[in-house]
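Worksheet for the structure shown next.
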Amino acid sequence: MATTPAPPQAPPKPTWDPPSAAPFPWLRPTIRIRLTLLYGGMFLIAGILLLSIIYLLAAQALNPGSDLPFKITSGSVISDTCNLPTRATPEVVNAAMNDCVNEQRQHALDSLLSRSLLALLGLAVIAFAFGYAMAGRVLSPLGRITRTARAVAGSDLSRRIELDGPDDELKELADTFDDMLERLQRAFTAQQRFVGNASHELRTPLAINRTLLEVHLSDPGAPVELQQLGKTLLATNERSEQLVEGLLLLARSDNQIVERKPVDLAEVAGQAIDQVHAEAEAKGVRIHGERASAVVQGNGVLLERIALNLVQNAVRYNVPEDGWVEVTTELQHGQAVLTVTNTGPVVPAYEIDNLFEPFRRLRTERTGSDKGVGLGLSIVRSVARAHGGHIYAQPREGGGLVMRVTLPL
């Protein structure tokens, strides 16, 4: 006899209790409540002080006037402060006494008003100074958050705010920012690990292919067709190696440079010119320019790549005859400037931005020549940004480009 299957059991209940909301959320010491209490208390204290000062001034102003400004002696009215007639009818004397009292009252009110305005001015100055100090104290966590964010923008992802104090909106913002930095640091660490692994995995097969092709090309008995095919494959393999190196360098240079050392742009530019000198002579391109000392803090290898890529592009994309390249380094307005100017084809101004995109050249979407892999200017821009600098390009009159790289000292 078939048995009825038992119904599925309910999943076990969690052994932990979810965090419950605060019983009185409106009692949470938020910034709004703290500022309300702070400025409300300051307004109350200022009002009490102002009323006390006005009361004291009024008492002082009325105290001298408590004695009548006139006296009755021997059946006549005399006064030291008022001009009362000595011989007049009672109506005239009463009118003069009334004017005297009104004059004394007006004098007391004027004195009270002037002193109250001075007291109000003094309290306003004190209130502004005290309010400025208290506002700075309340908003000081924002300054700490800003400084940390600025340090993180300089690639120091290990920085954390770790804000202490009441559980208000600022602490919640700081904790959220710390959590975001933690995730960013893990992401960048994973990216660096991936770049390192990809560097090894991509270089190894290309190096093996290059070795095998060179071995076959070194065989004197190999057929001519095989040698020609081997040379073509070797050139393709070399182009692939350049592409891999460029991509890896582009990925590494997208981050800020943590370890910096003094590097002279003049020396870097000189080394780049030495490496391109043979190619420039073969193309009939003359390289000149004055290079003044301009020391910056950065990575020497990456900065050399900036100069090398710019000089190589200036030599390769030049006119067939009587071409020249000018390479200068100097200090301008507290910055180190590397300028590479060359003759060459006319470049429209609207095409300048496309030159800095990967795999793009003038009037073409993909690389299709043997002049490079289309990453030179992309790497230059990435390395310059990693050093806190910028690169500017503008067409030169008559053809060619003026490339200017500015780096902070």
Side-chain angles (χ1 to χ4, degrees), residues 186-259 261 263 268 271-283 298-317 355-361 364-386:
R186 289 199 300 266
F188 276 106
T189 302
Q191 180 189 16
Q192 292 176 355
R193 190 181 302 112
F194 170 78
V195 170
N197 295 334
S199 174
H200 176 74
E201 296 296 333
L202 293 176
R203 288 172 177 171
T204 300
L206 292 176
I208 294 175
N209 290 341
R210 184 180 70 252
T211 303
L212 293 177
L213 291 172
E214 290 175 350
V215 170
H216 284 288
L217 289 176
S218 62
D219 185 7
V224 178
E225 296 81 1
L226 185 59
Q227 289 185 357
Q228 185 64 32
L229 177 60
K231 292 180 180 180
T232 303
L233 293 176
L234 187 61
T236 304
N237 190 84
E238 182 179 359
R239 182 179 177 84
S240 299
E241 288 181 340
Q242 293 178 0
L243 177 60
V244 170
E245 290 290 340
L247 289 174
L248 294 176
L249 180 60
L250 185 61
R252 289 196 300 266
S253 60
D254 277 337
N255 298 327
Q256 291 279 341
I257 308 300
V258 178
E259 296 182 0
K261 296 180 180 179
V263 180
V268 167
Q271 294 177 357
I273 292 174
D274 293 340
Q275 298 182 48
V276 187
H277 183 71
E279 183 178 358
E281 284 189 347
K283 292 182 176 292
N299 185 292
V301 176
L302 294 180
L303 292 176
E304 183 179 346
R305 181 57 65 95
I306 286 182
L308 180 60
N309 286 0
L310 291 180
V311 177
Q312 279 183 344
N313 284 348
V315 170
R316 293 174 181 177
Y317 299 94
L355 298 177
F356 293 95
E357 297 297 328
F359 306 109
R360 293 174 67 95
R361 286 203 188 94
T364 180
E365 293 296 325
R366 303 288 297 178
T367 58
S369 69
D370 58 350
K371 294 181 179 180
V373 295
L375 292 173
L377 293 181
S378 300
I379 293 175
V380 170
R381 181 177 62 178
S382 181
V383 173
R385 288 178 176 177

(request) Could you tell me which non-hydrogen atom of Gln227 sits nearest to which non-hydrogen atom of Leu217, and how far apart they are? (result) O-CD2, 3.3 Å

(request) Drop me the distance from Leu233's CG to Gln228's CD, to the nearest 0.5 angstrom. (result) 10.5 Å

(message) What's the separation between atom CG in Leu206 and atom OG1 in Thr211, rounded to the nearest 0.5 Å?
(response) 10.5 Å

(message) Any non-hydrogen side-chain atom of Leu212 less than 4.5 Å from a side-chain atom of Ile208?
(response) yes

(request) Mind listing the closest non-hydrogen atom pair of Leu308 and Gln275 along with its distance? (result) CD2-OE1, 3.7 Å

(request) Determine, stepwise, if the pair Ile379 / Arg305 fulfils side-chain contact (heavy atoms from CB on, under 4.5 Å). (result) CA-CA 8 Å; Ile379 293 175; Arg305 181 57 65 95; 4.0 Å; yes

(request) Using a 4.5 Å cut-off on heavy atoms from C-beta on, say whether the side chain of Leu303 contacts that of Asn299. (result) no

(request) State which residues pass side-chain hydrogen bond (donor to acceptor under 3.5 Å, both in side chains) with Glu281; sequence neighbours excluded, sorted by chain then number. (result) His277

(message) So, using side-chain hydrogen bond (donor to acceptor under 3.5 Å, both in side chains) as the criterion, who are the partners of Arg186 when residues are at least two apart?
(response) none

(message) How long is the straight-line distance from CG of Leu234 back to CG of Leu229, given to the nearest 0.5 Å?
(response) 11.0 Å

(request) Supply the atom-to-atom distance His216 NE2 to Asp219 CG, rounded to the nearest 0.5 angstrom. (result) 8.5 Å

(message) Under the rule for salt bridge (Lys or Arg N to Asp or Glu O under 4.0 Å), what residues qualify as partners of Glu279, not counting sequence neighbours?
(response) Arg316

(message) Using 0.5 Å steps for rounding, measure from the CG atom of Leu213 to the OG atom of Ser218.
(response) 11.0 Å

